Student: 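Can you read through this structure? Questions will come right after.
So that the names make sense, note that chain A is the first sequence line, chain B the second, and so on, each numbered from 1. All heavy atoms count here, side chains included; hydrogens, waters and symmetry mates do not. Because the structure is a prediction, the values reported are computed rather than measured.
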Amino acid sequence: MQVENTEFRPKIVAFCCNWCSYAGADLAGSSRLAYPADVKIIRVPCSCRVNPMFILRAFQRGADGVILCGCHPGDCHYTTGNYYARRRMTLLFSMLDYLGVENGRTRVEWVSAAEGVKFSTTMNEFVAKIHELGENVRLEDLRCKG
Amino acid sequence: MYQIAKNKLNDLYQAISEKEDLFLPVSKGGQTNYGLWTNEAVADIDTLKTVKSGKDCFFPQSEVLYKSRHENGKISIDPTELQNKPFVVFGMRACDVRAVKVLDNVFLTDPVDSYYAARREHGTIVSLACHEPEETCFCKNFDVDAAEPGADVETWMVGESLYWKALTEKGESLTALVKEALADSFAEAGAEGEKKVEKEQAAVRGIIEKLPLSHLDLSRFKPENTMELFDSPAWEDMYKPCLACGTCTFVCPTCQCYDIRDFDGGKAGIRHYRCWDSCMYSDFTMMAHGNMRTSQLQRFRQRFMHKLVYYPANNDGMYSCVGCGRCVSKCPSSLNIVKVIKKLGGEGNE
Amino acid sequence: MQRIGVFVCHCGTNIAATVDVKRVVEAAAKEPGVVHAEDYQYMCSEAGQLKIREAIEQKHLTGIVVCSCSPRMHENTFRQAAKRAGINPYMVEIANIREHCSWIHKDIEEATEKAVILARAAIAKVMLNAPLTPGTSQVVKRALVIGGGIAGIQTALDIADAGYEVDIVEKTPSIGGRMSQLDKTFPTLDCSACILTPKMVEAAAHEKITIYTYSEVEKVSGFVGDFHVDIRKKARSVDMSKCTGCGVCQEKCPSRKTPNEFNRGLNTRSAIYTPFAQAIPNVPVIDREHCTKFKTGKCGVCAKVCQAGAIDYDQQDEIITVDYGAIVVATGFDTIKLDKYDEYAYNQSPDVITSLELERIMNAAGPTKGHLERMSDHKPPKSMVFIQCVGSRCADKRGKSYCSKICCMYTAKHAMLIRDKYPDVDVTVFYIDVRTPGKNFDEFYRRAVEEYGVHYIKGQVGKVAPQGDKLLVQAADLLDNKQIRMETDMVVLATAIEPNPDVRKIATMLTASIDTNNFLTESHAKLRPVESPTAGIFLSGVCQGPKDIPETVAQAGAAAVKVVGLLAKDHLVTNPCTAKADPIFCNGCSTCEKVCPYGAISYEDQLVNDHGIRETRRVAVVNSALCQGCGACTVACPSGAMDLQGFSNRQILAEVDAICR
Amino acid sequence: MQGLIERAKELLADGTVAQVLGWRKGDMGYDPEPAYFKSEEELKDFVYDAFCGANLSKYMIEAAKLEGKTLVFLKPCDTYSFNQLIKEHRVDRDKTYIIGVGCQGTLKPEKIREAGIKGIETVTIDGDTLKFDTIYGAKEMPFADALLERCKVCKGKKHMVYDELIGAAEDEEAGPVGNRFEEVEKLEAMSPEERFAFWQEQLSKCIRCNACRNVCPACSCRKCVFDSNQYDTSQKANAATFEEQMFHIIRAFHVAGRCTDCGECSRVCPQGIPLHLLNRKFIKDIDSFYGEYQAGADTDSRGPLTNFTFEDVEPSIVQTRGGGH
């Protein structure tokens with residue numbers, strides 16, 4: 001398939017916790033469950049390691065969508081990390097929404113190590129959503145363009 | 001001297017901006033600051049004091065000096081082009097016009113700041129005399145005449161007319177430009193106009209005389225008193241309410257300190273930029289070994305000693321405060337240079 | 001200045017088929033800091049590792065990036081390779097270009113481009129890596145086994161035999177677990193009690209084993225090698241040291257209406273009781289909820305009849321704290337509740353029973369003394385229907401998605417035993433599939449069909465309805481493609497098994513992960529099947545997944561070996577990727593402490609030199625032995641004073657920047 | 001006010017406190033500055049009136065380093081900030097003597113200027129009216145028109161922490177006035193495009209003077225992340241709009257669950273950016289997602305971001321709740 005230059009190729013950053021979601025992504029890989037190459041995964045020990053600063057930085061640097069994946073609530077390797085992450089991200093996403101940033105650009109999904117299928121479908125859905133929203137302009141930093 | 005009706009000012013802005021970029025006080029989000037004139041912009045020359053002064057037009061809060069890029073193992077450097085097109089700054093008050101002179105003394109003396117020099121060379125300043133000065137104004141103390149603001153062109157708003165007088169060559173050519181574009185509305189003011197302006201000037205000077213802060217005693221701020229002032233125990237008492245924010249320095253028309261930093265914009269390359277710094281900030285003059293001013297007292301003292309003692313010592317007695325009063329109204333803790341002058345200045349302040 | 005080497009693995013064709021590895025090498029070589037880049041067929045092989053070593057030595061590399069499979073697979077391999085070559089093992093980063101790239105993308109252009117970006121991110125990260133040195137921690141030479149079933153007993157015995165102290169904590173009054181409830185075992189038909197009891201006795205007698213029955217784990221703190229566990233020894237109301245186990249108290253107890261848990265509620269027991277005759281310890285407990293003395297204060301018969309004076313109504317729960325180096329979870333299973341399966345009439349008719357209830361009915365010590373009879377009228381049945389997969393392999397939310405694994409075999413066992421002892425009873429089994437993978441399993445099932453004349457019908461039962469004193473069974477025969485309506489006397493449900501419901505609480509205490517079915521998760525499904533992802537926690541028996549007795553015993557042994565391997569060490573190397581507070585930036589605000597799940601953060605007054613300002617400040621201090629490196633504190637910290645080594649703010653931001661470039 | 005001065009003199013005289021933190025009168029009648037007083041003599045310049053808007057809690061961080069106890073005057077809403085600082089171990093309660101002072105609302109001089117009153121020589125508060133002598137003649141305006149936004153939605157007249165009260169309101173127990181979330185709700189009801197335009201216009205005015213941060217009692221970091229290299233975020237420039245968004249989002253996030261809604265950020269912003277609307281959004285969300293929480297109401301509760309429940313809402317609520325939430 002020839003990818004045309006004019007086609008919108010979103011940049012998507014996926015933060016995955018080491019114990020569940022990163023393993024889930026590995027399982028999606030070993031099960032050959034495809035999702036778009038636009039998604040790039042960053043491994044973090046736990047969803048609670050993800051600082052809002054990282055998410056804003058990704059948008060600043062031109063990301064069109066940021067997704068955070070962690071263990072299901074109750075299954076956190078560190079017992080409680082994802083509960084803190086859940087509150088932090090809920091508030092952060094709500095704030096971004098309040099500032100007029102499209103709320104579909106941010107997402108949290110709980111993906112276990114066994115959920116390769118879920119990882120793949122989630123990423124497919126998310127990329128589709130970002131295609132719908134188009135390029136991120138509201139959180140872009142012109143200094144990082146071009 | 002020329003005159004133009006107040007309700008024709010938009011035509012004036014339009015006429016200038018067709019030829020040159022025009023910066024003037026613009027109202028946005030409830031505040032008035034210098035901005036570029038466009039058809040959408042809401043010009044506001046009635047507000048006495050813009051939040052920030054017009055300093056940005058010549059010494060912007062942030063400017064890129066050069067960009068560099070690392071690609072395929074090679075580094076390329078792309079310097080920012082110097083200002084090379086003429087532009088106009090409209091509506092500067094007398095204090096801000098004086099402030100430009102203060103900056104000139106710093107940036108145009110050797111070593112010349114080429115970025116600043118290029119902007120000064122290409123910029124034409126149209127000043128605007130004050131009409132109803134406020135209680136925070138204390139320009140009189142620095143021999144600034146709010147009724148005769150100077151610069152390339154000086155203007156007065158009297159009643160429903162703006163009176164326009166070119167003072168320099170740049171001012172003359174701007175006047176010619178305007179005259180050509182606005183033959184109908186931009187007319188000779190004549191003797192009657194001159195008279196009106198004189199009357200307005202007298203009135204304004206009268207008001208200024210009565211302003212509460214117009215008669216400060218600056219007599220002790222002399223180079224020979226440097227150490228005495230520096231060691232004054234009064235600083236200890238004065239600095240305490242200071243929050244160490246940069247409000248006073250950023251609204252100040254004469255503060256000239258800057259920092260140079262790099263911003264890594266990823267694929268867009270690295271921007272080597274300079275931006276205003278504030279002596280109130282804890283990392284001001286921070287060096288590898290640490291900071292020579294470790295306390296807020298020292299930083300606070302630095303600001304006022306610089307404005308009232310060090311700068312005049314190096315510039316033939318010219319203070320680097322112009323009495324605009326922005327810090328007086330904007331300081332979150334209601335601290336300001338007037339309080340310092342009253343405490344440390346001559347006995348006339350008692 | 002860092003000198004980075006990049007090594008791109010082909011993984012045979014696993015990577016090379018979809019990623020142009022040469023282009024990845026070329027692109028990586030151009031990144032700042034990279035002084036060496038090469039590719040190889042199998043980077044993880046001996047030869048591949050040698051290449052890494054040579055490059056490190058010849059080019060004086062300070063850090064390496066391996067573009068290969070998931071770091072979960074080979075991160076450690078490459079760290080060790082780096083270490084052997086003389087650089088710090090934490091100067092290694094992995095770009096996962098297999099699972100996250102080559103295996104999921106088909107287009108070579110796209111996959112290569114992504115692999116380059118992933119490599120770039122890893123390079124950007126490794127540029128900021130700092131050498132980390134793991135600390136060491138002591139190992140307490142004692143293990144805890146939670147659960148006293150066959151899994152727990154076997155694990156404890158194996159650990160004890162290796163010479164280490166083991167404690168078993170069992171929540172019921174006796175060890176023995178589910179296996180003690182079984183009558184016979186498949187495929188050999190030997191008596192369950194006969195093979196279990198000697199193990200129980202052996203455990204009880206073993207000098208290295210301490211058994212805490214009627215006890216529960218209350219709290220767990222600490223970490224691998226040094227867990228601190230609070231064990232609640234529930235008040236038995238019977239003095240263990242005085243009781244002789246004569247049983248008189250149980251005979252004389254006037255309160256006899258409590259459902260007998262051991263017999264699955266098919267009969268009742270006294271309020272003071274031992275669950276079964278061979279119980280270990282053979283010391284009864286008073287069930288305070290049902291005891292008249294405790295309910296009304298009036299009774300005290302047991303105390304009167306006890307010759308030994310062992311009854312102690314004032315006994316209190318006791319909490320003991322014991323330190324362990326390792327913990328084995330062997331919490332076992334229960335059958336699921338059948339509330340959602342009204343179609344089988346389990347709650348309407350006493351003649352519809354579960355297989356575990358049938359075990360008790362068939363058992364000589366059971367409620368019917370081993371006579372096969374209907375619980376409604378105590379008449380022997382003439383016909384029995386077995387229904388398979390009740391709640392197992394369930395597509396809807398009512399049951400479990402998994403196969404309970406043991407049901408096919410025990411049903412064949414039940415059918416065979418009934419046909420053997422009561423040849424006049426007609427036995428029909430409705431099944432979806434008969435699953436008999438195991439030594440002598442299929443032979444066993446075939447005997448049931450061929451020698452014992454058990455009717456196996458492939459099909460699911462739609463409804464069981466009580467009709468007079470009979471049960472009407474409606475089912476489909478899928479092979480003959482016809483509807484079946486038949487009358488029968490008893491219905492036995494092969495009820496799905498599920499992990500003991502308490503396991504969720506225990507897993508939380510242990511910070512061990514559990515899956516959506518409440519089974520404890522193993523560290524690696526294939527390569528580390530008896531270890532939990534949480535260091536020092538091991539899994540034994542059905543708590544990890546459905547299994548039969550021999551598998552359980554085998555896994556128990558495996559878990560024991562892992563425990564012994566751990567306890568044999570004097571010191572453990574701790575994870576160096578722990579949080580660390582910078583005293584210059586720390587506010588001492590105590591926010592981080594609140595989100596730390598390990599209590600690893602404390603505060604102390606320290607003399608700080610902040611660029612020339614010297615003052616004593618309250619600052620956070622992380623106990624690196626306790627910290628597990630989750631990073632919750634780093635985000636709670638507003639000033640950024642708290643950072644996570646190995647996943648620092650700047651490292652993650654560098655990855656973000658590299659990906660978005 | 002005289003009562004406050006007399007009490008301060010007593011406490012200085014009997015050695016209970018070594019210094020007094022209050023307000024010193026300014027030149028214009030509307031510009032008192034926070035100040036320390038160490039003697040009876042110095043206290044003659046002490047002032048307490050409706051122009052004493054500054055929340056003195058934050059000064060107590062530095063005061064904890066001084067010799068001896070500090071007497072501080074706190075208005076009801078300032079006490080929330082002080083409590084929060086106690087919780088975060090940033091102030092020393094044992095070295096503080098708090099006199100809770102009554103408050104009838106504090107004023108914003110900017111509003112007087114906006115009302116067209118200039119050349120002010122003296123200001124008098126006469127009941128509901130502000131009276132001015134100016135060089136342009138006598139002027140007056142209603143007291144209420146010059147109130148700070150925060151005072152129009154005052155959270156109550158009750159002091160959360162104090163050693164003694166002087167001049168406290170009789171209606172101490174009276175609850176909050178007005179709906180402080182009204183403005184937030186208005187924004188929420190807008191379309192994302194309108195919201196974006198609103199914030200773009202407001203935040204683009206930011207000059208990064210850091211007044212909001214430095215005045216904020218919750219922003220008590222010794223070194224702000226935006227001044228340090230901890231996240232590679234150290235920036236002084238306001239070069240692009242993103243910079244302001246980043247700064248203000250992160251600042252609001254860092255104080256989320258800790259912000260007492262004292263309104264100092266909006267009071268001091270030289271560009272009049274309604275910064276409190278960011279903090280209030282977090283407060284409103286916290287209240288609706290996790291139950292009502294007032295930072296600084298006590299010194300020991302767990303803040304909403306260092307707490308959780310198993311049943312917390314999922315972040316997807318942001319998408320599913322729809323407009324006008």
Student: Any Lys/Arg nitrogen of D/Lys75 or D/Asp78 sitting under 4.0 Å from an Asp/Glu carboxylate oxygen of the other?
Tutor: yes
Student: Decide yes or no on salt bridge (Lys or Arg N to Asp or Glu O under 4.0 Å) for B/Asp237 and D/Arg24, but give the supporting numbers first.
Tutor: CA-CA 11 Å; B/Asp237 189 43; D/Arg24 182 160 51 206; 2.9 Å; yes
Student: Is D/Lys118 paired with B/Glu132 through a side-chain N to carboxylate O contact shorter than 4.0 Å?
Tutor: yes
Student: Tell me whether the NZ or CZ atom of B/Arg274 lies within the 45° cone about the ring axis of B/Phe59 and under 6.0 Å from its centre.
Tutor: no
Student: Do B/Arg119 and B/Asp56 meet the salt-bridge criterion of a basic N to acidic O distance under 4.0 Å?
Tutor: no
Student: What part of D/Tyr36 gets within 4.5 angstrom of chain B, counting heavy atoms only: side chain, backbone, both, or neither?
Tutor: both
Student: Taking the basic N atoms (NZ, or NE/NH1/NH2) and the acidic carboxylate oxygens, is any pair closer than 4.0 Å for D/Glu201 and B/Lys28?
Tutor: no
Student: Given the options B/Asn33, B/Val338, B/Leu211, which has more heavy-atom pairs under 4.5 Å with chain D than any of the others?
Tutor: B/Asn33
Student: Which residue out of B/Pro133, B/Ser278, B/Cys331, B/Pro60 racks up the most heavy-atom pairs below 4.5 Å with chain D?
Tutor: B/Pro133
Student: Spell out the residues in residues 261-271 of chain D that have some non-hydrogen atom less than 4.5 Å away from a non-hydrogen atom of chain B, in order of number; otherwise answer 'none'.
Tutor: D/Arg267, D/Val268, D/Pro270, D/Gln271
Student: Between the side chains of D/Arg213 and D/Asp227, is the shortest nitrogen-to-carboxylate-oxygen separation below 4.0 Å, so that they form an ion pair?
Tutor: yes
Student: Is any side-chain N of the basic residue among D/Asp92 and D/Lys65 closer than 4.0 Å to the acidic one's carboxylate O?
Tutor: no
Student: Given a strict heavy-atom distance threshold of 4.5 Å, which part of D/Phe51 is in contact with chain B: side chain, backbone, both, or neither?
Tutor: neither
Student: I want to check a possible cation-pi pair here: B/Lys240 against B/Trp235, using under 6.0 Å from ring centre and within 45° of the ring axis as the test.
Tutor: no
Student: As a test of understanding, state which of D/Tyr48, D/Phe37, D/Tyr30, D/Tyr59 forms a ring-ring contact (aromatic ring centres under 6.0 Å, His included) with D/Trp23.
Tutor: D/Tyr48
Student: Does this structure show an ion pair linking D/Glu110 with B/Lys330, if we count only N-O contacts that are shorter than 4.0 Å?
Tutor: yes
Student: Using a heavy-atom cutoff of under 4.5 Å, enumerate the residues of residues 248-260 of chain B that contact chain D, numbered in order, or state 'none'.
Tutor: B/Phe250, B/Val251, B/Asp259
